[in-house]
Every structure is written in structure tokens, then in C-alpha cells.
Amino acid sequence: MTTPTFAQRALAALLATTPIAAFAQDAAPPADTSPDREAIGELLAVDEYILRIQALDDNGPRLNAVIDYDPTAPVKARQLATTGPLHGRTVLVKDNIDTRDFPTTAGSLALKNNVTGRDAPLIAKLRAGGGVVLGKTNLSEWANIRSDGSTSGWSAVGGLTRNPFAIDRNTCGSSSGSGAAVAAGFAWGAIGTETNGSITCPASINGIVGFKPSVGIVSRTHVVPISSTQDTAGPMTRTVYDAALLLTAIAGEDKSDPATLGAKRVKDYTEGLDTYSLQGVRIGVMRDQIGNREDLKAVFEAALADLERAGAVLVDISFQPDRQMYGDSFTVLMFELREEMGKYLASIPAFADGETPRSLADLIAFNKAHADKEMRWFGQELFEQAEATTDREAYEKARDNAVRIAGKETLDKLLADNKVQFLVVPTRGPSWVSDLVNGDNFNGSVGFGSPAAIAGYPHLTVPMGAIEGLPVGLSIMGAKWDDHAVLKAGAAYEKARTAKLPTPTFRPWRPAAQ
């Protein structure tokens with residue numbers, strides 16, 4: 001008989017003293033749910049977060065959700081206990097956001113030496129608001145913009161992220177580690193980034209709350225970019241209240257990011273969440289975007305019934321969007337990727353080894369030179385296409401078209417014509433089996449998140465149940481700058497939800513009966 005390792009003993013102790021169910025969204029809250037009490041509980045949990053990372057991420061099932069973490073975080077958390085609004089709460093940060101204490105790699109070996117020594121403005125706000133950067137999370141390398149054949153959750157730096165609910169299944173992307181880490185109970189919350197689905201999909205598939213704010217609510221400065229039109233950072237947490245609290249801390253104007261100037265924010269995104277009522281609120285149901293799975297339809301219908309019991313007036317909507325929006329948005333991403341990546345790389349300090357990439361072309365060359373490690377599983381055809389996309393006039397026309405179609409002619413029109421305040425739809429189907437050889441295999445018939453991503457409108461996903469133990473989320477979308485209202489609607493649904501939510505198993509998937 002072999003002697004248990006430290007990690008195995010730590011895992012056994014954790015599972016014995018802290019049931020995994022305590023990290024699920026349907027776990028019973030304490031009788032007193034005031035922020036002060038919650039903050040005290042979080043301070044007591046910081047040491048446990050680190051033990052869980054050591055036992056479940058570095059060892060055991062090896063989720064590969066966390067790239068690096070700060071062992072001194074408990075000390076920092078206690079020092080910030082009286083600093084608000086976060087009061088020492090710990091946050092994991094997607095590894096495409098600059099923090100002064102960790103490298104920023106975007107998952108690529110090309111940036112393994114990218115120690116910027118600076119905080120992105122959103123991280124500076126996080127710290128000023130009493131938040132503790134616990135560490136960096138794995139991601140789909142380059143936020144899934146290198147190749148169409150990629151496997152979400154894989155990066156050359158961090159390996160393949162595994163889903164806590166079924167470790168042989170995918171975490172979606174590109175905020176893969178952020179979603180898996182929160183679901184696994186590695187931190188109070190996490191920050192992800194989204195260009196199109198990169199917060200909401202991993203949040204849905206990992207059974208947590210994810211919020212993509214309106215573009216401009218949160219600064220993008222010193223965040224490894226794809227698109228100045230569509231990129232945003234946002235919170236990933238276990239509850240809607242926590243997402244609103246984290247957004248309150250990181251939101252704000254940044255003179256270096258024009259999109260943030262004039263953005264319509266509120267001072268406190270948690271205000272009114274506990275009292276908001278759906279009574280009489282008209283909500284549009286996107287019937288044509290539910291997909292073709294009967295089991296997902298059943299979970300969605302149960303969520304709709306919860307909304308109706310809470311007083312909402314549901315309005316069925318049949319709608320097919322103008323597909324020109326997707327092609328034009330892709331042109332925007334290809335053009336902006338080359339330009340914005342060049343700006344970011346020009347801003348980072350030179351690497352000690354002299355191999356500092358300064359352009360997208362440099363990244364392409366690096367990948368070719370290190371193809372055995374970087375391109376074993378998929379190539380870089382999107383990088384190469386972006387490098388060749390240089391027609392500014394065509395780009396500007398495509399951008400105008402994409403934003404107009406997604407915003408004015410799709411979301412604004414749907415809300416106005418149907419006299420509804422919000423739109424709801426399943427976010428995604430359940431997680432698929434991870435396959436590095438063949439790439440992702442998700443059901444593209446489910447969801448309606450692209451218009452919100454392209455137009456820069458708010459999109460919230462909240463857990464609504466499970467299929468064979470695999471989480472699925474409910475998407476709630478609203479008009480531009482209606483972020484607070486969308487969060488309040490999400491909190492109201494969360495209170496009305498009757499579905500029993502699954503808890504992580506940290507083992508390969510098994511049929512529910514087993």
C-alpha cells in the first residue's frame with residue numbers, strides 16, 4: 001500500500017470538512033446575508049482556496065484552471081478586510097490581463113517572459129476596491145482567435161483545462177480557467193474577457209454566473225486584445241450578487257480607452273438586486289434559438305415557468321437574424337486583431353532574452369519556429385488571415401454594418417417591436433468531450449449571444465439546471481447600458497429558480513443513473 005501524498009491528504013481533508021455542495025449555487029446561504037458577514041466568511045476561506053488549488057488543480061484531477069497563484073493572498077486579504085466594496089475577497093484573473101505580480105502570457109509561449117510590472121486599469125480598480133489578485137487562470141490560447149480548429153481551454157502554457165463537473169469534458173472558452181476555477185471553489189470570483197461568447201459560454205458550461213457588460217463599462221487598456229469594437233472584461237462568480245459586486249469594483253472610465261468615455265454606469269450594481277420584482281415585466285423568448293435538443297428544451301421550459309411564477313409576462317418571438325452581421329463582424333475581428341495586437345505588443349517591456357514580439361507577424365513567426373509545442377494540435381490560419389486583412393475602407397464599412405445590424409436592426413428592434421425589456425434563451429448546450437485531435441464539437445444551433453457581443457450590449461448567463469449532470473445556463477440580454485437592469489432580472493430569476501443545480505464531481509462523466 002502506497003503512502004498518500006500531501007496533496008492527496010489535503011484533498012481528503014477538504015472533501016471531509018467542506019462538501020463540494022457548499023460551492024454550488026443552490027447551497028443554503030447563511031441566515032444573515034449582509035455583505036459584511038459574507039466578507040468575513042471569504043476571509044476565512046482564502047487559505048482553503050489555496051489548498052483546493054493544490055489538491056484539485058496541481059494534483060488529483062488536475063483541472064489546469066490556474067496557471068499561477070499567490071501563496072501570500074491570505075495575508076493580503078486580511079489587510080484589505082476594511083477596504084470596500086470587496087473587503088479582501090479573492091479574484092482569479094484571466095491570463096490575458098496585465099497584473100504587476102504575474103506574467104501575462106495569453107496562453108502562448110511567445111509571451112512566457114511578458115512580465116509587464118503593471119496593472120491594467122481594471123486590476124488597479126479591483127485592488128483599490130479591496131480585491132486580492134489570487135492568481136492567473138488558463139485560457140484558450142490567444143482567446144481562441146488563432147485557428148478555427150482549436151480545442152477550447154487549451155494553451156501551450158497551461159495545457160488543457162478540465163471541467164469540474166466531468167473532467168473528460170470541455171470548459172468552453174476562451175475564459176476557460178476562470179469558469180472552471182470558480183466552479184471548483186478556487187476563489188470567490190474571477191475575471192474573464194469576451195469578444196464573442198468567451199465569458200458566457202464557459203460560465204454556462206461550468207455552471208456559474210457570467211456577465212458580459214456593455215462595451216465601455218470596463219476598461220480594456222493593458223488587456224491582450226482581439227477587437228476594440230467587441231472586447232470587454234467581465235465578472236464570473238457563483239451568484240448574480242457577486243457578479244454585480246465585482247463589476248462595481250472594476251467598472252470605470254479610462255482616458256486611454258475611448259469606449260469608456262461617456263459610458264452610462266451606475267455607482268453600485270448591487271443596489272436593488274434583493275428587492276427587484278419581475279411582476280409585470282415583459283420578457284421576450286427567442287424560440288428559434290433554443291436548438292434541437294429535447295432535454296435542453298425541457299430545462300429551458302422549467303426556467304420559463306419559474307419566470308412566470310415570479311410574475312414575468314413571457315412573449316414568444318420568432319426571429320432569424322441577418323447573417324451579413326456575422327461575416328462583417330469577422331472582417332472587423334481580422335482587421336482589428338492585427339492593429340490592436342501590434343499596439344499591445346509595442347507597449348510591453350523588452351524581454352531579457354531579446355526575443356520580444358512586437359507585431360502579429362512576429363507571433364506568426366514564433367509559432368512556426370516552435371511548431372512542435374505551439375501547433376501540434378491546430379494551426380494559425382486566423383492569425384495569417386488577420387495579417388493579410390489590411391483594407392481599411394472595407395473594414396470601416398463592415399464595422400458600420402455589423403454594429404448597426406446587431407444593435408439597431410436586431411436587439412433594439414426586437415425589444416421595441418415586442419414591447420419587452422429583456423430577451424431570454426439557453427446560453428449553450430451541455431459540455432462536449434474534449435478532443436485535441438478533432439477540436440471543438442459544440443451545438444451551434446443553441447443561443448443568441450452573438451448580436452449582444454457584436455453590438456456591445458449586456459449579456460448575463462445564470463445557471464438554470466443540468467442535463468445528465470452537466471450544467472446549462474439561461475441567457476438574459478437587454479439594451480445597451482441596461483447592465484444594471486439585466487443584473488437585477490438575473491437576481492430575480494435566481495431567487496425564483498426551482499431547478500436543482502449539479503455539483504462538481506472531479507471525475508470523468510458518467511450517466512446520471514450511475
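A quick note: this is a predicted structure, and the numbers were derived from the prediction, not measured.
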Distance-only side-chain donor-acceptor flag, [X] / [Y], under 3.5 Å:
{"X": "S147", "Y": "Q380", "value": "no"}
{"X": "Q230", "Y": "S329", "value": "yes"}
{"X": "T105", "Y": "D95", "value": "yes"}
{"X": "E494", "Y": "Y241", "value": "no"}
{"X": "D57", "Y": "N64", "value": "no"}
{"X": "T193", "Y": "K94", "value": "yes"}
{"X": "R162", "Y": "S434", "value": "no"}
{"X": "R89", "Y": "T237", "value": "no"}
{"X": "S150", "Y": "N144", "value": "yes"}
{"X": "H459", "Y": "S475", "value": "yes"}

Backbone N or O of [Y] within a donor-acceptor pair of the [X] side chain at under 3.5 Å?
{"X": "R265", "Y": "I217", "result": "yes"}
{"X": "D362", "Y": "R358", "result": "yes"}
{"X": "S175", "Y": "G192", "result": "no"}
{"X": "R404", "Y": "A455", "result": "no"}
{"X": "S204", "Y": "T200", "result": "no"}
{"X": "D391", "Y": "A394", "result": "yes"}
{"X": "N170", "Y": "N163", "result": "no"}
{"X": "N206", "Y": "T171", "result": "yes"}
{"X": "T116", "Y": "D98", "result": "no"}
{"X": "T239", "Y": "D242", "result": "yes"}

Gap separating the [atom1] atom of [X] from the [atom2] atom of [Y], nearest 0.5 angstrom:
{"X": "L363", "Y": "E384", "atom1": "CG", "atom2": "CD", "value": "12.0 Å"}
{"X": "I226", "Y": "L337", "atom1": "CD1", "atom2": "CG", "value": "6.5 Å"}
{"X": "I208", "Y": "T461", "atom1": "CD1", "atom2": "OG1", "value": "9.0 Å"}
{"X": "T137", "Y": "L134", "atom1": "OG1", "atom2": "CG", "value": "10.5 Å"}
{"X": "R338", "Y": "Y395", "atom1": "CZ", "atom2": "OH", "value": "10.5 Å"}
{"X": "N196", "Y": "K212", "atom1": "CG", "atom2": "NZ", "value": "9.0 Å"}

Begin from the C-alpha positions of R127 and D119 and carry the test salt bridge (charged side-chain N to carboxylate O under 4.0 Å, His left out) through to its verdict.
CA-CA 10 Å; R127 296 191 205 267; D119 280 339; 2.8 Å; yes
Is [X] salt-bridged to [Y], cutoff N-O under 4.0 Å?
{"X": "D70", "Y": "K76", "result": "yes"}
{"X": "R146", "Y": "E374", "result": "yes"}
{"X": "R220", "Y": "D231", "result": "no"}

In short, L273 meets A244 closest at the heavy-atom pair CD2-CB, 3.8 Å
Smallest heavy-atom separation, S431 atom then I205 atom, equals CB-CG2, 3.6 Å
Between T229 and E336, is the side-chain hydrogen bond (donor to acceptor under 3.5 Å, both in side chains) condition met? List the steps.
CA-CA 8 Å; T229 298; E336 292 183 346; 2.7 Å; yes
Please name the residue in the list S155, S174, S178 that meets the side-chain hydrogen bond (donor to acceptor under 3.5 Å, both in side chains) test with N138.
S155
So, applying side-chain hydrogen bond (donor to acceptor under 3.5 Å, both in side chains) with Y344, which one of T104, N96, T221, N114 is it?
N114
For E340, enumerate each residue passing the salt bridge (Lys or Arg N to Asp or Glu O under 4.0 Å) test, keeping only those at least two apart in sequence or located in another chain.
K343
What class does the angle between the rings of W432 and F442 fall in, given that below 30° is parallel, 30 to 60° is tilted and above 60° is perpendicular?
tilted
side-chain hydrogen bond (donor to acceptor under 3.5 Å, both in side chains), that's the test. Do D483 and S214 meet it? Break it down for me.
CA-CA 7 Å; D483 301 65; S214 296; 2.7 Å; yes
May I have the step-by-step check of side chain to side chain contact (heavy atoms under 4.5 Å, CB included) for I67 and F102, ending in yes or no?
CA-CA 10 Å; I67 289 176; F102 297 101; over 6 Å; no
Could you walk me through whether K112 and E355 satisfy the salt bridge (charged side-chain N to carboxylate O under 4.0 Å, His left out) test, starting with their C-alpha distance in whole Å, then the side-chain angles of each, then the deciding distance to 0.1 Å, before giving a yes or no?
CA-CA 11 Å; K112 67 181 184 298; E355 299 293 327; over 6 Å; no
Count the heavy atoms of every other residue, nucleotide or ligand shown that sit under 6.0 Å from CD of E271, and state whether that count exceeds 12.
no
Counting the benzene-type ring for Trp, do Y49 and W188 have ring centres under 6.0 Å apart?
no
Are W481 and Y457 close enough, and set up right, to give a ring-ring contact (aromatic ring centres under 6.0 Å, His included), and what steps lead you there?
CA-CA 7 Å; W481 311 127; Y457 287 24; 8.8 Å; no
Quick one: does V424's side chain get under 4.5 Å of L474's, heavy atoms only?
yes
